[in-house]
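Written below as structure tokens is the structure these notes are about.
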Amino acid sequence: GTTLGASAAEKGRYFGAAVAAGRLGDSTYVNLLNREFNSVTAENEMKMDATEPNQGQFTFTNGDRIVNHATARGMKVRGHTLAWHAQQPGWMQRMEGSALRSALVNHVSRVASYYRGKVFTWDVVNEAFADGSGGGRRDSNLQRTGNDWIEVAFRTARTADPGAKLCYNDYNIDSWSAAKTQGVYRMVQDFKSRGVPIDCVGLQSHFGTSIPGDYLTTIQRFAALGVDVQITELDIAGSGSQQADNYRRVTQACLAVARCTGITVWGIRDTDSWRYPNDSPLLFDGSGNKKAAYTAVLNALNEG
Ligand code: G3I
């Protein structure tokens, strides 16, 4: 193939980008999106604060702009995200206990129902594990409603949209040896053994200038539990051949595992990245030119 999306499709995979509704009027951005990608993730527009700004009042206008752009062009849509400790609307931040649990269930149900049939994968729960050496859950108002809040969210999402792949999504679970990775692994293993509906693990894959040496192992081990793996928010610091080599390694690792079903980069041009200007971590420069990293990914997709 001659584009990321077409080349990934030849390998039975998708290649996506995080998209901001506010950039859909930028022709350079939109031309790159339409030419290169066959999947999109809303960078912010489907989060809890965006979709339920006041309790019980749902707003899908900006999410719909992204969904409509994508579906009109045959692109898939990843939903991001139904439940997260961050980006909660103010009313939810101030809630706790059983009232919060009910609000969570209602939110997951309403948003997943609204997008039923339009979203192929949901990040049902985002970033629920703690960093550091403990391997346990992150403290949050959601966690304090009870340790079962994650499985409740997954069961609710399955009922609302039985056709969507349901993912647990997190960062710093890329290295197999990390305690956080082990904690998520044990949760997925437990969910599979008890029949809690989970289909996928999202490895966000926000990287510095190196990729964990055991990244492929992580993908293989999650896949061996009987879930898909998706690389959901890829961006890599650095520049030139070092950055390109790292992008090549990530692409090759996904292609090496049948259950690694697709890659999403977290933005299109460096200047669209949440990490800019500290880093220029994406595949296109600020003018929309292909970087060495782009060519490395494209070649890896076509070789793999
Ligand atoms: O749109 C408002 C603007 O009106 C306002 O003037 C401005 C002032 O702060 O804020 C703008 O909203 C910002 C929004 O991005 C759009 O640019 C928010 O403050 C800012 O918090 C928000 O950041 C997003 C961040 O998630 C929120 O946690 C980033 O764009 C987005 O890339 C980032 O994405 C996350 C994933 O969802 C989860 N994994 C990590 C990843 C990177 O942090």
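Just so you know, these numbers use all the heavy atoms, side chains as well, and skip hydrogens, waters and symmetry mates. Both counts, for ligands and for their atoms, begin at 1 and track the order of listing.
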Next on the checklist: Looking only at the side chains, is there a donor atom on one of Glu127 and His85 sitting less than 3.5 Å from an acceptor on the other?
Outcome noted: no
Checklist entry - Which word best sums up how the rings of Phe37 and Phe284 line up, parallel for under 30°, tilted for 30 to 60°, or perpendicular for over 60°? => result perpendicular
Next on the checklist: Show every disulfide bond (SG atoms under 2.5 Å apart) that has at least one partner inside residues 47-91, sequence neighbours left out.
Outcome noted: none
Item to check | Residue pairs fulfilling salt bridge (charged side-chain N to carboxylate O under 4.0 Å, His left out) with at least one residue in residues 169-197, sequence neighbours excluded | outcome: Asp131-Lys180, Glu151-Arg194, Asp170-Lys180, Asp190-Arg194
Item to check | Residues which pass side chain to side chain donor-acceptor pair (under 3.5 Å) with Thr3, listed by chain and number, not counting sequence neighbours | outcome: none
Next on the checklist: Could you report the tightest heavy-atom contact between Gly213 and Arg249, atom names first, then the distance?
Outcome noted: CA-NH2, 4.0 Å
Next on the checklist: Can you work out which protein residues put a heavy atom within less than 4.0 Å of ligand 1?
Outcome noted: Glu43, Asn44, Lys47, His80, Trp84, Gln87, Asn126, Glu127, Gln204, His206, Glu233, Trp266, Trp274
